[in-house]
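Shown next, in structure tokens, is the structure this report addresses.
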Amino acid sequence: MSRKIRILGLVVFICLALSMVFVQAPTKCYGDELIIQVAPSTLNIQSSGTWVAVHTDIPYSIVLGTSVELNGIPIAWSKADDQGYFVAKFAMSDVKDLYTQGGLALGENLVTLYVLTIDEQEFVGTTTITVIDVSGK
């Protein structure tokens, strides 16, 4: 009887150990890559918009705000979103200047956000935006 109890105990222990491995929620890892979303995702060169916002998945509290750039454009200002993540704002006129200077073309373009944290860790996020030239008239 004691051998059956030991075997049963071992099986229960193994099942518990495996369930802890598979049920444990993944922890957020901030390696070197950021997930970003740009708003607006379609940039009309003829629009009268003011800001281009880049939403990230990195906590606002760890970002060195003055270090942030989008395709070489320095950040205008930043804020935390409702989840505490970093949101960078860039002057739309500066982003449109990328188009006039040849840094962006009509159609799909890759944009890259560069971020440095307060402990000097570098992060990079890329996404695609669409550039159009449509008059509102």
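For this chain, numbers begin at 1 and follow the sequence in order.
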Could you pull out all donor-acceptor pairs under 3.5 Å where a side-chain atom in residues 59-68 meets a protein atom, sequence neighbours excluded?
from	atom 1	to	atom 2	distance (Å)
S67	OG	L64	O	2.6
S67	OG	L116	N	3.0
S67	OG	L116	O	3.2

Listed pairs under 3.5 Å, donor-acceptor, residues 98-107 side chains, sequence neighbours left out:
from	atom 1	to	atom 2	distance (Å)
T100	OG1	D97	O	2.9

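- Nearest approach of F123 to T117, heavy atoms of both residues: CE1-CG2, 3.2 Å.
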Could you pull out all donor-acceptor pairs under 3.5 Å where a side-chain atom in residues 86-95 meets a protein atom, sequence neighbours excluded?
none

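- Taking NZ of K79 as the start and CG of D81 as the end, the distance is 7.5 Å to the nearest 0.5 Å.
- Of all heavy-atom pairs spanning K96 and Q46, the tightest one is NZ-C, 4.4 Å.
- Rounding to the nearest 0.5 Å gives a distance of 8.0 Å between CG of N109 and OG1 of T130.
- Under the 4.5 Å side-chain criterion, counting only non-hydrogen atoms from C-beta, V52 is not in contact with I129.
- No more than 12 heavy atoms of other residues, nucleotides or ligands lie within 6.0 Å of CD in E120, so this atom counts as exposed by the packing criterion.
- Both V131 and L113 are part of a single hydrophobic cluster, where members link through side-chain heavy atoms under 4.5 Å apart.
- T112 and V124 get closest at one heavy-atom pair: CG2-CG1, 3.4 Å.
- Both I45 and L70 belong to a common hydrophobic cluster when Ile, Leu, Val, Met, Phe, Trp and Tyr are linked at side-chain heavy-atom distances under 4.5 angstrom.
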